[in-house]
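Here is how names work: the chains are called A, B, and so on, in the same order as the sequence lines, proteins then strands, and each is numbered from 1. Note: hydrogens, waters and symmetry copies are ignored here, and every other heavy atom, side chains too, is used. Here the structure is a predicted model, which means the values were calculated and not measured.
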Number of protein chains: 2
Amino acid sequence: MDLSERKLKILQAIISDYVRTAEPVGSRTLSKHPELGFSPATIRNEMADLEEMGYLTHPHTSAGRVPSDKAYRLYVNAMMEKKELSREEKIVIAERLKGSATEFEKTIEHAASILSEITNLTSFALTPKKTEDVLKYINLLPVDEDTVVLMIVSESGKVSNKAIQMNVPYTDENLQLLSKTMTYNYKGKTISQALTNNIIANFETDIVAMSGLAEDVMPNFMRTLEDMLNVNLYMEGLTNIFDIPEYSDLEKAKNFIHMLSQKEELTKKLIERDDGIIVTIGEENADDVMQDCSLITASYHVDGRLVGKIGVIGPTRMKYGEVTSLMEFLTDNLNNTFKLESGGNEDDE
Amino acid sequence: MDLSERKLKILQAIISDYVRTAEPVGSRTLSKHPELGFSPATIRNEMADLEEMGYLTHPHTSAGRVPSDKAYRLYVNAMMEKKELSREEKIVIAERLKGSATEFEKTIEHAASILSEITNLTSFALTPKKTEDVLKYINLLPVDEDTVVLMIVSESGKVSNKAIQMNVPYTDENLQLLSKTMTYNYKGKTISQALTNNIIANFETDIVAMSGLAEDVMPNFMRTLEDMLNVNLYMEGLTNIFDIPEYSDLEKAKNFIHMLSQKEELTKKLIERDDGIIVTIGEENADDVMQDCSLITASYHVDGRLVGKIGVIGPTRMKYGEVTSLMEFLTDNLNNTFKLESGGNEDDE
DNA sequence: ATTAGCACTCCGATACATTGAGTGCTAACA
DNA sequence: TGTTAGCACTCAATGTATCGGAGTGCTAAT
């Protein structure tokens with residue numbers, strides 16, 4: 001089942017040629033490769049073998065060979081070499097990320113820009129899912145006779161709020177009491193814990209509940225917590241696919257763009273992916289509309305806990321080595337950036 | 001300079017045929033129109049005149065005629081008839097908008113969805129620019145030893161906030177004093193007024209300023225005000241253009257999508273447009289990349305003051321009558337929705 | 001003023017020949 | 001026995017020629 005040294009070399013050459021040119025590569029071209037000192041005929045034999053084994057395909061009889069998904073998988077697993085970025089590139093990238101360091105979301109957005117610019121693919125970035133963010137402080141503030149503002153502050157520095165229309169008259173004392181009770185009950189809990197353990201039951205016996213205040217406030221509190229879990233999806237380089245030969249077919253381009261326009265679904269797909277750098281190639285993607293794409297995602301961490309994602313999507317024919325190396329560098333950089341800031345002064349909204 | 005009755009009829013027929021079929025329309029076809037009982041030859045003469053006057057073009061010698069931008073302009077100004085929506089359509093649309101009435105932004109987003117679904121064009125919706133929103137209440141809340149939350153509430157119900165890292169130690173009294181001073185100074189002012197009249201000078205002599213507190217707070221206050229002016233752009237039906245013959249050319253489709261991906265620029269263009277229903281046709285658009293598109297925007301009002309926009313963009317060949325009627329209905333509906341709520345419980349973020 | 005008639009133009013579809021890159025196979029070779 | 005040269009074959013892509021049809025513009029008749 002193992003491939004001979006020579007077959008591997010040939011396969012690698014085919015992949016790298018094809019990735020570069022997008023044209024099926026033939027035996028003649030390959031025999032000119034410096035690493036492959038064999039005649040076209042020999043290479044043809046090997047290619048026939050490789051095709052039988054499922055690593056290559058044939059668009060039609062008189063065309064060269066094209067790597068299959070299986071070939072790319074082998075390449076990514078075993079043959080691909082990381083392409084370390086040059087010192088200059090690293091500096092430029094780091095600068096660009098740092099240039100917007102005060103604004104959390106901007107930094108993420110820039111990461112996506114960089115990714116699409118360098119790879120010439122479509123990239124995206126997902127802000128962290130705050131499931132594990134810890135509640136710190138809850139307050140209720142009087143505004144009007146019938147309006148109260150609920151404010152929630154979390155460890156990561158996120159501040160959320162909501163104006164609540166009160167059905168029941170309230171007093172400042174009651175508000176304060178409820179704020180304190182809520183803070184006492186929820187402080188130190190993660191958002192997901194707060195959402196699953198509805199502590200409203202505890203209030204039942206309390207004077208606050210008697211006043212009906214909690215009935216007005218708690219549903220809004222829960223909704224606001226849910227809102228806090230929302231993530232933002234940034235996308236860059238959408239039109240890059242028009243320059244990729246694979247998508248010179250209008251129908252294909254349409255499907256691609258249509259898929260990427262479904263932001264909610266896309267977000268869901270991305271969140272579900274495992275941590276670390278994950279490469280899924282062509283048919284490995286569960287999704288029908290992604291059967292001829294490769295998707296690469298990487299996760300970054302804020303404060304070592306909250307997990308966000310960046311990624312690229314493009315044709316299966318892509319420079320896996322370069323892309324993954326770049327993504328590795330980017331996530332490392334993001335991890336560091338968000339570690340130093342360490343829950344500092346982030347931006348709301 | 002005026003066009004004869006007959007010429008007008010012919011032009012109208014050409015436009016309506018061309019809008020429907022996207023094919024150049026010839027004299028034969030026209031002579032079969034029930035309204036036009038003339039022979040092809042007669043119609044040809046008239047068409048030649050219309051072409052000379054700039055209302056028609058000729059893709060090539062042996063092709064039918066195509067309306068020019070000038071023709072569309074005439075059509076929109078003088079010939080187009082509003083197409084009242086049916087009672088059922090109105091009900092369905094109103095229901096869809098109401099279904100999300102509690103969430104301001106969702107309502108806007110739905111308006112865009114409806115617009116693109118019915119017109120089969122690309123649509124967008126812009127949340128209102130809050131320049132004229134009036135400040136109501138400003139508060140500073142202690143969180144940490146070195147963290148304070150700034151909270152701003154406006155008449156429209158929008159609540160904004162920002163966590164501030166304090167460089168100077170503060171006391172609760174100082175915070176309260178500063179909150180009160182700020183509220184006193186800014187309450188009743190619009191956001192744009194607050195942004196232009198920097199009242200920080202007034203504080204100079206005040207004890208609060210002495211403590212250095214204001215220096216920490218004011219820049220953040222200003223930044224937050226600016227953030228409050230940010231608008232959101234929703235876009236729907238981006239891929240609809242792939243079904244439009246005009247964009248079966250890959251290059252054109254690319255340019256179109258690329259233009260719409262530049263969200264900031266697009267937002268700026270849209271905001272700048274006058275109120276009411278505005279139609280700009282082809283070359284009337286200042287922008288190079290929009291020379292063969294028509295853009296229709298309409299404004300809706302929240303509380304009669306804040307102005308948001310909805311719109312569609314597509315090929316100059318579009319059903320102006322139907323689209324503008326629909327947009328009129330939508331904006332009327334939005335105006336009412338946001339009037340009844342009257343600064344009620346809107347959503348932050 | 002309108003229209004029938006006709007020559008003319010030009011696009012688009014169809015058919016056909018040509019080219020060239022590449023294959024698979026066989027037989028010769030080291 | 002593995003490698004290679006040679007050769008017939010395949011097939012997409014390209015170019016060329018032809019033809020039909022839709023539509024025009026002009027002229028002459030009504």
Problem set entry | Close residues, residues 10-17 of chain B, relative to DNA chain D [heavy-atom separation under 4.0 Å] | none
Seminar exercise, completed: Whole-Å distance, A/R28 CZ to C/dT23 P, equals 11 Å
For this session: Check the surroundings of atom NZ in A/K82: do more than 12 heavy atoms from other residues, nucleotides or ligands lie under 6.0 Å from it?
Result: yes
Problem set entry | Length of the line joining A/L50:CG and C/dT23:P, which is rounded to integer Å | 13 Å
Exercise. Taking 4.0 angstrom as the limit, do A/K90 and A/E84 come out as a salt bridge?
Worked result: yes
Exercise. Tell me: CZ of A/F38 to P of C/dA30, nearest whole Å?
Worked result: 19 Å
Exercise. So, are B/K254 and A/D243 salt-bridged, with charged N and O less than 4.0 Å apart?
Worked result: yes
For this session: Kindly give the heavy-atom pair with the smallest separation between B/L266 and B/M235, and that separation in Å.
Result: CD2-CE, 3.5 Å
For this session: Find the distance A/E46:CD to D/dT1:C1' and express it as a whole number of Å.
Result: 14 Å
For this session: State, yes or no, whether a side-chain contact exists between A/D49 and A/E46 at a heavy-atom distance under 4.5 Å.
Result: yes
For this session: Check the surroundings of atom CZ in A/R6: do more than 12 heavy atoms from other residues, nucleotides or ligands lie under 6.0 Å from it?
Result: yes
For this session: State whether A/E51 and A/R44 are salt-bridged, where the test is any N-O pair (Lys NZ or Arg NE/NH1/NH2 against Asp/Glu carboxylate O) under 4.0 Å.
Result: no
Problem set entry | Short side-chain N/O contact from B/T42 to OP1 or OP2 of C/dT2, under 4.0 Å | no
For nucleotides 25-27 of chain D, print each protein N/O atom paired with a nucleotide N/O atom at under 3.5 Å, atom names and distance only.
unit_1 : atom_1 : unit_2 : atom_2 : d
D/dG25 : OP1    : B/R65  : NH2    : 3.2
D/dG25 : OP2    : B/R65  : NH2    : 3.4
D/dG25 : N7     : B/R44  : NE     : 3.0
D/dG25 : O6     : B/R44  : NH2    : 3.0

Seminar exercise, completed: Here the distance between atom C1' of C/dT2 and atom NZ of B/K7, to the nearest Å, is 14 Å
Seminar exercise, completed: By nearest-nucleotide position on DNA chain C, the 5'-leaning member of A/M47 and B/S39 is B/S39
For this session: Give a yes or no on whether A/K319 atom NZ has more than 12 heavy-atom contacts from other residues, nucleotides or ligands under 6.0 Å away.
Result: no
Exercise. Among the nucleotides C/dG20, D/dT3, C/dC10, which one has an atom lying closest to any side-chain atom of A/S62?
Worked result: C/dG20
For this session: Report the distance from atom OH of B/Y18 to atom P of D/dG23, rounded to the nearest whole Å.
Result: 14 Å
Exercise. B/E23 CD to D/dG21 C1': how many Å, rounded?
Worked result: 14 Å
For this session: Working to the nearest 0.5 Å, report the span between CG of A/L115 and CD1 of A/I93.
Result: 9.5 Å
